[in-house]
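Heads up, the thing below is written out as C-alpha cells.
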Amino acid sequence: MADLAGIFNLVAPFFGLILLGFVIGRYKRLPEAGLAWLQFFLIYVALPPLFYRLIADKPLSELSNWRFVIATTLSTFCAFALSFAIGMKFTRRDIPQSVMQGVAGSYSNIGYMGPPLILAALGPASSAPLVLVFVFDSILLFSLVPFLMAIAGVEKKSLLATTGEIVWKVLTHPFNLATAAGVIAAFTHLELPTAIDKMTLWLSQAAAPCALFLLGVTVALRPMKAMPGEVPLLVLVKLVLHPLLVWVLLSAIADVPDQWIFTAIIMAALPPALNIFVISTQYKVGVERASACILVGTIVSMGTLTGFLWLVKTGRMVADLFP
C-alpha cells in the first residue's frame with residue numbers, strides 16, 4: 001500500500017494540473033486566441049532552457065549511445081507503422097487520416113509531460129536518455145508526416161522542396177537548438193553567469209505546470225462529439241504496446257544501463273502528445289479524431305502509466321529481459 005501511495009503522490013499532481021486546465025477551460029469561456037501566447041511561451045521561452053539544463057552538465061559519452069537511439073527510434077517507428085495500418089483499415093485507405101492515426105499511436109507527450117515526470121520518478125540520471133528520446137522521436141515523426149502528406153497530395157510541394165523544409169525545421173526547432181547549445185556547453189564545460197543561470201532555472205521550472213494546464217484547457221475547448229472506432233486500438237498501441245516494444249528491443253541490446261531502459265519505457269508509456277492536434281489542425285485533417293485520441297489516451301494513461309511506474313519503482317519490472 002505504501003508503494004501505491006507513493007506512486008499516486010507522484011502522478012497525481014501531473015494529472016491534477018491537466019484536470020484543473022480541463023475544468024477551467026470547460027466552464028470559464030475565455031477567448032481561445034489567448035492560448036497562442038501560452039503556447040509561444042512554452043515552445044520558445046520555457047521549454048528550451050529546460051532541455052539546455054538537462055544536457056549541459058552531462059559527459060559527451062552519455063550522448064553518443066547510438067544503440068539506444070536506434071532501438072528507441074525503431075520502436076516508435078514500429079508503433080507508427082502499426083497505428084498507420086489501423087488507420088488505413090478504419091478510414092478505408094485514407095492516407096492523410098491514417099498519418100494522423102500513426103502519430104496518435106506513436107508520439108508521446110515527451111515535451112510537456114516527459115521531463116518533469118521522468119525526473120521526479122527516476123532522478124537526474126535519466127536526463128540524458130530523456131533528451132535523446134525526445135530529439136530523435138521528434139525528428140522521426142516530423143520527417144515522416146510531411147513526406148507522407150506530400151505523397152498523399154495534401155502538401156502541394158515537390159519532394160525536394162518538402163525535404164528542404166523538413167531539414168530547415170529540424171535544424172531551427174527551438175528544442176533542438178537548445179539541445180545543441182547544451183551539447184556545446186557540455187563539451188566546453190561552460191558555466192552560465194549567475195543571473196542568466198537563475199533565469200533559465202526559473203523558466204525551466206515554469207514549463208511543466210504551464211504545459212500541463214495548457215493540455216487540459218486545449219482538450220476542454222475541443223470536446224469529443226463521437227468515439228471513432230479505431231481510438232481504443234490506437235490507445236492500446238500507444239500506452240501498452242509501444243512501451244513493451246521499447247522494453248524488448250532495449251533488452252536485446254547489450255550495454256544499456258537499467259536507468260536508461262526504464263526511462264525509455266516510461267517515455268513510451270506517456271499519453272498521446274498535444275502536438276497531434278497541432279499537426280492535424282495544420283493540415284486540416286482528422287481534427288476530431290486527434291482530439292478524441294488525446295482525451296481518451298490521457299484518461300486511460302492515468303491507469304496504464306501509473307501501472308508502469310509502479311512496476312519500475314517497486315522493482316517488479318526487470319530492465320533486461322535477456323540477461
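Hydrogens, waters and symmetry mates play no part in the numbers below; they use all other heavy atoms, side chains included.
- At a threshold of 4.5 Å between non-hydrogen side-chain atoms, the residues Phe51 and Val131 count as touching.
- Residue Met302 places its CE atom among 12 or fewer non-hydrogen atoms of other residues, nucleotides or ligands, all under 6.0 Å distant.
- Between Ser301 and Phe15, the closest side-chain pair of non-hydrogen atoms falls below 4.5 Å.
- The closest side-chain heavy-atom distance from Asp197 to Arg53 is below 4.5 Å.
- Nearest heavy atoms, Phe84 versus Ile95: CE1-O, 4.0 Å.
- Val246 has its side chain out of reach of Val133: every pair of non-hydrogen atoms, C-beta onward, lies at least 4.5 Å apart.
- Atom CZ of Phe77 is surrounded by 12 or fewer heavy atoms from other residues, nucleotides or ligands within 6.0 Å.
- Without hydrogens or angle criteria, Gln259 side chain to Leu122 main chain gives a donor-acceptor distance under 3.5 Å.
- Residues Leu236 and Val248 are members of one and the same hydrophobic cluster, defined by side-chain heavy-atom contacts under 4.5 angstrom among Ile, Leu, Val, Met, Phe, Trp and Tyr.
- Linking Ile, Leu, Val, Met, Phe, Trp and Tyr residues whenever their side-chain heavy atoms come within less than 4.5 Å leaves Ile70 and Phe136 in two separate clusters.
- The CG atom of Leu132 sits 9.0 Å away from the OG1 atom of Thr179 when rounded to the nearest 0.5 Å.
- Each of Leu47, Val45, Leu50 was evaluated against Leu203; a single residue qualifies, Val45, per the side chain to side chain contact (heavy atoms under 4.5 Å, CB included) test.
- When the side chains of ILVMFWY residues are joined at heavy-atom separations under 4.5 Å, either directly or via intervening members, Phe90 and Leu82 end up in a single hydrophobic cluster.
- Within the 4.5 Å cutoff, no side-chain heavy atoms of Phe213 are placed close to those of Pro209.
- Using modelled atom types and a 3.5 Å distance limit, the side chains of Tyr107 and Thr76 yield no donor-acceptor pair.
- Using a 4.5 Å heavy-atom cutoff, the side chains of Ile253 and Leu249 are not in contact.
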Going through the checks in order, is the side-chain contact (heavy atoms from CB on, under 4.5 Å) test met by Asn65 and Trp260? CA-CA 10 Å; Asn65 193 329; Trp260 285 48; 3.8 Å; yes
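- Atom OG1 in Thr218 sits 11.0 Å away from atom CD1 in Ile18 (nearest 0.5 Å).
- Using a 3.5 Å distance cut-off with no hydrogens or angles, the side chains of Ser98 and Thr91 do pair a donor with an acceptor.
- Under the 4.5 Å side-chain heavy-atom criterion for Ile, Leu, Val, Met, Phe, Trp and Tyr, Leu119 and Leu201 are members of distinct hydrophobic clusters.
- When atom types are taken as modelled, the side chain of Trp247 and the backbone of Val318 share a donor-acceptor pair closer than 3.5 angstrom.
- Put simply, the side chain of Trp310 does not reach to within 4.5 Å of the side chain of Leu10, judged on heavy atoms.
- For the pair Ser83 (side chain) and Phe80 (backbone), a donor-acceptor distance under 3.5 Å is absent.
- Residue Leu244 holds its CG atom at 4.5 Å from CZ of Phe308, rounded to the nearest 0.5 Å.
- Residues Gln101 and Ile86 are not in side-chain contact: their nearest non-hydrogen atoms beyond the backbone lie 4.5 Å or more apart.
- Using a 4.5 Å cut-off between side-chain heavy atoms of Ile, Leu, Val, Met, Phe, Trp and Tyr, with links allowed through other members, Ile276 and Leu295 fall into the same hydrophobic cluster.
- Residues Gly105 and Ala79 come closest through the heavy atom pair O-CB, 3.7 Å.
- If you take CG on Leu17 and CG on Leu212, they are separated by 5.5 Å, rounding to the nearest 0.5 Å.
- In this structure a side-chain-to-backbone donor-acceptor pair under 3.5 Å is missing from Ser106 to Lys238.
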Would Val69 and Val135 count as a side-chain contact (heavy atoms from CB on, under 4.5 Å) if you check the C-alpha gap in whole Å, the side-chain angles of each, and the deciding distance to 0.1 Å? CA-CA 10 Å; Val69 169; Val135 169; over 6 Å; no
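- Using cut-offs of 30° and 60° for the angle between ring planes, the Phe40 and Tyr44 rings count as parallel.
- The two residues Leu239 and Ala269 have their closest heavy-atom pair at CD2-O, 3.6 Å.
- Of all non-hydrogen atoms in Pro272 and Gly297, the two that sit nearest each other are CD-CA, 3.7 Å.
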Please determine whether side-chain contact (heavy atoms from CB on, under 4.5 Å) holds for the pair Met100 and Met149, giving the CA-CA distance in whole Å, both sets of side-chain angles, and the decisive distance to 0.1 Å. CA-CA 10 Å; Met100 293 300 102; Met149 287 300 190; 3.3 Å; yes
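- Rounding to the nearest 0.5 Å gives a distance of 7.0 Å between CD1 of Ile265 and CG of Leu250.
- Minimum interatomic distance between Leu42 and Cys210 (heavy atoms only, all atoms of both residues): CD2-CB, 3.7 Å.
- Closest of all the heavy-atom pairs between Ile110 and Ser138 is CD1-OG, 4.3 Å.
- Checked by atom type and distance alone, the side chain of Ser108 pairs as donor or acceptor with a backbone atom of Met267 at under 3.5 Å.
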Walk me through it: do Val235 and Thr304 pass the test side-chain contact (heavy atoms from CB on, under 4.5 Å)? CA-CA 10 Å; Val235 170; Thr304 56; over 6 Å; no
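- The line from OG1 of Thr73 to CG of Leu140 is 6.5 Å long, rounded to the nearest 0.5 Å.
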